[in-house]
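Okay, so here's the structure we're looking at.
Just so we're on the same page: letters track the sequence lines, and every chain starts at 1. Quick note: numbers below take in every heavy atom, side chains included, and nothing from hydrogens, waters or symmetry partners.
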Number of protein chains: 2
Amino acid sequence: MKLTTKGRYAVTAMLDLAIHAESKPITLSEISERQGISLSYLEQLFAKLRKNELVKSVRGPGGGYQLFNSPADIVVAKVIDAVNESTDVTACGGKGNCHDGKQCITHDLWCELSEQIHQFLSGITLQNVIDKQKAKEEAQREDNLRPSEPNNTFILSQVS
Amino acid sequence: MKLTTKGRYAVTAMLDLAIHAESKPITLSEISERQGISLSYLEQLFAKLRKNELVKSVRGPGGGYQLFNSPADIVVAKVIDAVNESTDVTACGGKGNCHDGKQCITHDLWCELSEQIHQFLSGITLQNVIDKQKAKEEAQREDNLRPSEPNNTFILSQVS
DNA sequence: TATTTACCCGAGTATTTTAGTCGGTTATAC
DNA sequence: GTATAACCGACTAAAATACTCGGGTAAATA
């Protein structure tokens, strides 16, 4: 479980797909323009997203991409995993070729931590993120009328 | 909030420091050998950890590093933040130099998500990680006697 | 059937980040 | 004063990231 800009690009693109979802597929050119990501780079990312059954494609004119499942059924973790293709855990991973026991202990600790983050992101769907954003916009609109109050409700507080 | 091997190195080193904590400071050479991280690279990481008041140093013979606070008072998020020195959010960050409103919407969405992860990692202390590891070792020792049963309790289930 | 659209694919490249080296300086215990 | 070990900056190798280029191929439309 790695978490870099690459994953952000993927999540951003998937969110764009979810927000602009219609009966028609969305072309990568549209996403490229809206999100400011190079077209060819998007193609590479979407090849991985497609292989992981996160999006489906329609070829030819009028074609493009659509989410494979509903936004409520796609979790952020899957999207990030799809583009980051888990490069096996550096050194001493699984095989246990470390000279003394101690080394593997802290390694295991990190793996556990990584698993935690994965579980966390498995609890957030694209729909969750969109809903949260909508709520935020609502709050901001009200703030323009009456004096502002801090809004610190977070996504996960609504998720089981 | 970035999450790469660099952060893992830092967390691993901090955990090593916490586990082998004595009255005496720990040298980077020891950590280097135990964890298989290059000495000079550790020096670079610890320079940042020191500036962020996560460790304190003692110079000269018998010197080394110690945790600035107790392991129960050091959260994983701080450690990762210290070494990753937040490179400002790519493009359109804050300034809002995006051509149409839509671009910034998905950007904000991601920022919120990133904040979530940060909050999550702010809830895990070094002590939490160590305790969890100890519990795991206990469980494994018992597994050697009686038939195994799945052990899926996670760190966060114990944290507020 | 020709053309356009837009996905598909691999190879190559520039930039950035990561990881590590090297050569030195400074503080301090002995 | 000498060994130790933190400090510091600059430099380098390797890897990942972000992107380009040049072709393909499937399908709709004309």
Side-chain angles (χ1 to χ4, degrees), chain A residues 1-13 17 23-33 35-68 80 82-91, chain B residues 1-13 17 23-33 35-68 80 82-91:
Chain A
M1 186 69 190
K2 244 183 337 183
L3 209 48
T4 61
T5 47
K6 198 174 190 174
R8 180 161 76 206
Y9 268 31
V11 173
T12 300
L17 220 53
S23 47
K24 278 188 179 184
I26 310 290
T27 69
L28 290 190
S29 306
E30 291 175 63
I31 300 176
S32 170
E33 232 177 289
Q35 307 303 335
I37 307 170
S38 112
L39 178 62
S40 305
Y41 196 44
L42 275 177
E43 282 183 348
Q44 287 173 44
L45 296 180
F46 270 76
K48 291 175 183 174
L49 293 174
R50 194 172 60 89
K51 274 168 199 157
N52 285 268
E53 295 199 331
L54 288 165
V55 296
K56 51 190 171 188
S57 63
V58 179
R59 302 182 70 161
Y65 286 93
Q66 284 174 314
L67 294 183
F68 199 93
I80 293 169
V83 295
N84 276 338
E85 73 224 33
S86 58
T87 40
D88 63 309
V89 244
T90 42
Chain B
M1 186 69 190
K2 244 181 341 180
L3 208 48
T4 61
T5 48
K6 197 175 192 173
R8 181 161 76 205
Y9 268 32
V11 173
T12 300
L17 221 53
S23 47
K24 278 187 179 184
I26 310 291
T27 69
L28 291 188
S29 306
E30 291 176 63
I31 300 176
S32 170
E33 230 177 291
Q35 306 302 335
I37 307 170
S38 114
L39 178 61
S40 305
Y41 195 45
L42 275 177
E43 283 182 348
Q44 286 174 44
L45 296 181
F46 271 75
K48 291 175 183 173
L49 293 174
R50 193 172 60 89
K51 275 169 199 157
N52 284 268
E53 294 198 331
L54 288 165
V55 296
K56 53 190 170 189
S57 63
V58 179
R59 301 182 70 160
Y65 286 93
Q66 285 174 314
L67 294 184
F68 199 92
I80 293 170
V83 295
N84 276 338
E85 73 226 33
S86 57
T87 41
D88 63 308
V89 246
T90 42

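- Along DNA chain C, the nucleotide nearest to A:Lys51 and the one nearest to A:Gly63 differ in position, and the one closer to the 5' end is contacted by A:Gly63.
- The nearest whole Å value for the distance from the CG atom in A:Asn84 to the P atom in D:dA16 is 11 Å.
- For the OP1/OP2 pair of C:dC8 and a distance below 4.0 Å, the side-chain nitrogens and oxygens of A:Ser57 include at least one atom meeting the criterion.
- For A:Pro61, the listed nucleotide lying nearest its side chain is D:dA28; candidates were C:dG20, C:dC8, D:dA28.
- Across every non-hydrogen atom of A:Leu17 and A:Gln66, the tightest pair is CD2-C, 4.0 Å.
- In this structure, the side chains of A:Tyr65 and A:Pro25 stay at 4.5 Å or more apart for every pair of heavy atoms.
- Residue B:Ser29 is out of contact with every strand shown, counting any heavy-atom pair closer than 4.0 Å.
- Contact annotation: the side chain of B:Val83 never approaches that of B:Tyr9 to less than 4.5 Å [non-hydrogen atoms, C-beta and beyond].
- What separates CG of A:Leu45 from C1' of C:dC9 is a distance of 14 Å, to the nearest Å.
- Looking at the side chain of A:Arg50, the nearest of the listed nucleotides C:dC9, D:dA3, C:dG20 is C:dC9.
- Taking A:Thr27 as the reference, A:Glu30 meet the side-chain hydrogen bond (donor to acceptor under 3.5 Å, both in side chains) condition, with sequence neighbours excluded.
- Between the CG atom of B:Leu42 and the C1' atom of D:dC7 there is a distance of 14 Å, given to the nearest Å.
- Using modelled atom types, no side-chain atom of A:Ser32 and backbone atom of A:Leu28 make a donor-acceptor pair closer than 3.5 Å.
- If you measure from atom NZ of A:Lys6 to atom P of D:dA15, you get 15 Å, rounded to the nearest angstrom.
- Put simply, the side chain of A:Gln44 and the base of D:dT20 share a donor and an acceptor less than 3.5 Å apart.
- When distances are taken from the side chain of A:Glu43 to each of C:dC8, D:dA6, D:dA10, the shortest belongs to C:dC8.
- Counting heavy atoms from C-beta outward, B:Arg8 and B:Thr5 have side chains that approach closer than 4.5 Å.
- Rounded to an integer number of Å, the gap from NZ of B:Lys24 to C1' of C:dA29 is 12 Å.
- An OP1 or OP2 oxygen of C:dT18 is reached within less than 4.0 angstrom by a side-chain nitrogen or oxygen of B:Lys2.
- Applying the 4.0 Å criterion to OP1 and OP2 of D:dA16, one finds that A:Thr4 has every side-chain N and O outside that range.
- Among the nucleotides C:dT17, D:dA6, C:dG20, the one closest to the side chain of B:Thr27 is D:dA6.
- In this structure, CG of A:Leu3 is placed 16 Å from C1' of C:dT17, rounded to the nearest angstrom.
- A:Leu39 comes within 4.0 angstrom of no nucleic acid atom, judged by non-hydrogen atoms across all strands.
- Within the 4.0 angstrom heavy-atom criterion, only backbone atoms of the sugar-phosphate kind lie near B:Tyr65; the bases stay farther away.
- If you take OH of B:Tyr41 and C1' of D:dA13, they are 13 Å apart, rounded to a whole angstrom.
- Picking from C:dC22, C:dT28, C:dC9 the nucleotide with the shortest atom distance to the side chain of B:Ser40 gives C:dC22.
- Between the CG atom of B:Leu28 and the P atom of D:dA6 there is a distance of 4 Å, rounded to whole Å.
- Taking only side-chain atoms of A:Arg59, from C-beta outward, the nucleotide of D:dT25, D:dA3, C:dT18 with the closest atom is D:dT25.
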